[in-house]
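Notes to accompany the following structure.
Because the structure is a prediction, the values reported are computed rather than measured.
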Amino acid sequence: MKIDSISLHHINMPLVAPFETSFGREVDRECIIILIRSGGLIGYGECVADQLPGYNYETVGTAWHIIKDYIAQLMLGQDVKDAADFQNRVSGIRGHLLAKAGIEMALWDLLGKRDKKSLREMLGGKRDKVEVGVSVGLQESPEVLVRNVTDYVKSGYARVKIKIKPGRDVGDASAVRKAFPNLRLQVDANSAYSLESAQSLQPFDEMNLLLIEQPLFEDDIWDHHKLQEQFRTPICLDESILSPRHARYAIEMKACRIINIKAGRVGGLSQAVEVHDLCLAHEMPVWCGGMLETGVGRASNLALASLPNFILPGDISASDRYYKRDITHERFSLNNDSTIDVPRGVGLGVTIDEDALSSFTLAHLELKPM
Ligand code: OSB
Ligand code: MG
């Protein structure tokens with residue numbers, strides 16, 4: 001596909017409720033929506049870098065710079081054949097995986113529109129709908145947390161993840177467990193513990209949790225191995241897995257028993273599929289993580305999560321859990337079996353609400369061949 005132009009929209013969208021994790025509190029979410037034009041078609045992508053480098057070192061600012069000054073220069077006016085060709089072009093750019101993934105998503109949307117295929121079909125997804133859960137941020141108190149979880153359970157979520165941090169871990173989880181003895185429950189620390197401080201999490205082993213997500217440093221696969229040896233509950237890695245190579249390290253080191261896959265974090269959907277395939281070959285179950293995506297990124301997550309080894313429910317909630325107004329005309333809703341339908345249309349299978357997109361846009365840039 002000859003790339004005619006690449007447009008970037010830096011957007012800010014108000015969240016329906018603040019989202020607090022061990023690395024910070026967000027009341028609105030920023031990201032970059034990417035438009036790639038080719039032969040009269042437009043492909044859309046979402047770069048999930050946020051305003052702050054809390055989850056990942058990338059930000060909207062760094063991704064903007066890397067896309068504008070480096071990635072776009074390797075594509076504009078050129079024939080980019082597919083995701084593999086794209087990955088090959090950007091292989092000289094070290095890191096900046098969220099930036100690369102946003103562009104790759106827009107390429108997939110374009111390819112699907114050109115070939116009249118859905119993303120699910122192109123990636124090899126099998127399911128029509130995927131099991132999902134909800135990720136609940138830190139609340140004022142365990143009581144407020146239980147009230148929040150109750151609302152989500154009532155609205156149909158059969159799996160709940162709660163965020164934890166030192167001092168807000170065992171108490172919070174046991175309050176939820178007491179209120180919901182049979183709920184599929186898991187916790188996410190976003191790297192808030194050391195091997196030493198994580199010893200205080202031992203009571204989790206008596207709470208029948210699905211998994212403990214990313215307790216330790218993002219660059220420390222080996223200490224996760226040591227911690228996993230001390231826990232019966234599966235440890236799941238999120239931040240630590242930045243590539244298929246990291247997934248192999250984690251498997252070989254027995255650093256975890258489950259992997260959370262986010263296409264953004266591993267540098268694109270093609271890389272996410274590679275991680276998926278590797279995990280499948282090693283009988284390591286995976287699930288699809290979320291980054292509070294707009295309808296664009298949510299459509300991509302649903303297609304990815306339809307692959308066979310996505311065995312656990314994904315952090316892919318209904319649109320109304322995140323945004324009152326979204327940038328896609330399509331809104332995603334929860335079926336009564338705690339699933340969400342995978343889009344069927346070509347590419348991502350979503351259409352853009354131009355008014356919404358422009359009203360959320362803080363900055364806009366169009367890049368064309370020189
Ligand atoms: O660690 O999984 C995470 C959101 C932003 C950054 C990191 C994480 C999250 C979530 C929310 O847990 C998942 C979602 O519902 O999109
Ligand atoms: Mg996580």
We want to know whether E104 and Q271 form a side-chain donor-acceptor pair, criterion being a heavy-atom distance below 3.5 angstrom. no
Out of T233, D169, D188, which one pairs with I212 under the side chain to side chain contact (heavy atoms under 4.5 Å, CB included) rule? T233
Following the transitive rule for hydrophobic clusters with a side-chain heavy-atom cut-off under 4.5 Å over Ile, Leu, Val, Met, Phe, Trp and Tyr, establish whether V187 and L201 coincide in one cluster. yes
Same apolar cluster (I L V M F W Y, side chains within < 4.5 Å links), I352/L41: yes
With no hydrogens and no angle check, is any side-chain donor or acceptor of R29 less than 3.5 Å from a backbone partner on M291? yes
Inter- and intrachain pairs under salt bridge (charged side-chain N to carboxylate O under 4.0 Å, His left out), touching residues 137-155, at least two apart: none
One should read off an interatomic distance between D341 CG and S333 OG, to the nearest 0.5 angstrom, of 7.5 Å
Flag side-chain contact, heavy atom, 4.5 Å: S317 against V132: no
Is a side-chain N or O of R257 found less than 3.5 angstrom from the main chain of R232, in a donor-acceptor match? yes
Is the shortest side-chain heavy-atom distance between K126 and R120 below 4.5 Å? no
Determine, step by step, whether I3 and Q78 satisfy the side-chain contact (heavy atoms from CB on, under 4.5 Å) criterion, reporting the C-alpha distance in whole Å, the side-chain angles of both residues, the deciding distance to 0.1 Å, and the verdict. CA-CA 6 Å; I3 307 299; Q78 300 185 41; 5.8 Å; no
Any sub-3.5 Å donor-acceptor pair from K161's side-chain atoms to G314's backbone N or O? no
Where do M13 and I11 land on the side-chain contact (heavy atoms from CB on, under 4.5 Å) test, with the steps shown first? CA-CA 7 Å; M13 286 167 63; I11 65 168; 3.6 Å; yes
Any chance the side chains of R168 and Q139 put a donor and an acceptor closer than 3.5 Å? no
Rounded to the nearest 0.5 Å, how far does OG of S135 lie from CZ of R321? 6.5 Å
Is there a donor-acceptor pair under 3.5 Å between the side chain of D109 and the backbone N or O of L348? yes
Hey, mind stepping through D355 and R325 against side-chain contact (heavy atoms from CB on, under 4.5 Å) and telling me if it holds? CA-CA 11 Å; D355 292 340; R325 186 180 185 202; 3.9 Å; yes
Whether the side chain of K113 engages the backbone of I42 through a donor-acceptor N/O pair (distance < 3.5 Å, no angle test) should be reported. yes
So which of V176, T150, L138 actually passes side chain to side chain contact (heavy atoms under 4.5 Å, CB included) with L145? V176
Return yes if some donor-acceptor pair links the side-chain N/O of T339 with the main-chain N/O of N335 below 3.5 Å, else return no. no
Just to verify, what does A106 make a side chain to side chain contact (heavy atoms under 4.5 Å, CB included) with, not counting sequence neighbours? I34, I36
Sequence neighbours excluded, which residues qualify as side chain to side chain contact (heavy atoms under 4.5 Å, CB included) partners of L280? H276, N309
Check: Q214 main-chain N/O paired with H224 side-chain donor or acceptor under 3.5 Å: no
Got a sec, which pairs hit side chain to side chain donor-acceptor pair (under 3.5 Å) with one end in residues 66-76, sequence neighbours left out? H65-D69
To the closest 0.5 Å, what do you measure between CG (L111) and NZ (K116)? 13.0 Å
I need the full list of ring pair (Phe, Tyr, Trp, His ring centres under 6.0 Å) pairs touching residues 160-190, with sequence neighbours left out, sorted by first then second residue. none
Would you check if Q202 and F231 make a side-chain contact, meaning some heavy-atom pair closer than 4.5 Å? yes
Determine yes or no for a side-chain-to-main-chain donor-acceptor pair under 3.5 angstrom, with S240 supplying the side chain and E218 the backbone. yes
Any chance you could lay out the side-chain contact (heavy atoms from CB on, under 4.5 Å) test for V27 and L15, step after step, and finish with the verdict? CA-CA 6 Å; V27 293; L15 289 163; over 6 Å; no
Taking salt bridge (Lys or Arg N to Asp or Glu O under 4.0 Å) as the test, write out the residues that go with E366, two or more places apart. R37
In Å and rounded to the nearest 0.5 Å, what is the OG to CG distance from S5 to L35? 8.0 Å
Taking 4.0 angstrom as the limit, do D172 and K163 come out as a salt bridge? no
Looking at T328, is its backbone amide N or carbonyl O close enough to the side chain of D353 to form a donor-acceptor pair, meaning the two atoms are under 3.5 Å apart? no
Beyond-backbone contact of E46 with I32, side-chain heavy atoms, under 4.5 angstrom: no
Does the side chain of E293 come within less than 4.5 Å of I316's, by heavy atoms? no
Would you list the pairs meeting salt bridge (charged side-chain N to carboxylate O under 4.0 Å, His left out) in which at least one residue belongs to residues 235-247, sequence neighbours left out? D238-K262, D238-R265
With ring pair (Phe, Tyr, Trp, His ring centres under 6.0 Å) as the rule and sequence neighbours excluded, what pairs involving residues 101-150 come up? none
Nearest atoms (heavy-atom pairs only) where P313 meets R159: O-NH1, 3.0 Å
If you group Ile, Leu, Val, Met, Phe, Trp and Tyr whenever their side-chain heavy atoms sit less than 4.5 Å apart, what else falls in with I258? L210, L211, W287, L312
Can you list, by chain and residue number, the hydrophobic cluster partners of L242 when the side-chain cut-off is 4.5 Å? L97
Do T361 and S358 have a side chain donor and acceptor closer than 3.5 Å? no
Within the structure provided, determine whether C288 and I261 are in side-chain contact (heavy-atom separation under 4.5 Å). no
Please, which pairs that meet ring pair (Phe, Tyr, Trp, His ring centres under 6.0 Å) have at least one residue in residues 11-55, sequence neighbours excluded? none
Can you tell me how far CG of L227 sits from SG of C256, rounded to the nearest 0.5 angstrom? 11.5 Å
Output for pair (I103 CD1, H96 NE2), nearest 0.5 Å, gives 14.0 Å
Only pairs at least two apart or in different chains count here, so list each ring pair (Phe, Tyr, Trp, His ring centres under 6.0 Å) that has a residue in residues 232-261. H246-Y249
F217 atom CZ: more than 12 heavy-atom contacts under 6.0 Å: no
Less than 4.5 Å apart, side chain to side chain, heavy atoms only: is that true for P53 and T59? yes
Side chains of E131 and S338 in contact at under 4.5 Å (non-hydrogen atoms): no
Do the side chain of S38 and the main chain of M1 share a donor and acceptor less than 3.5 angstrom apart? no
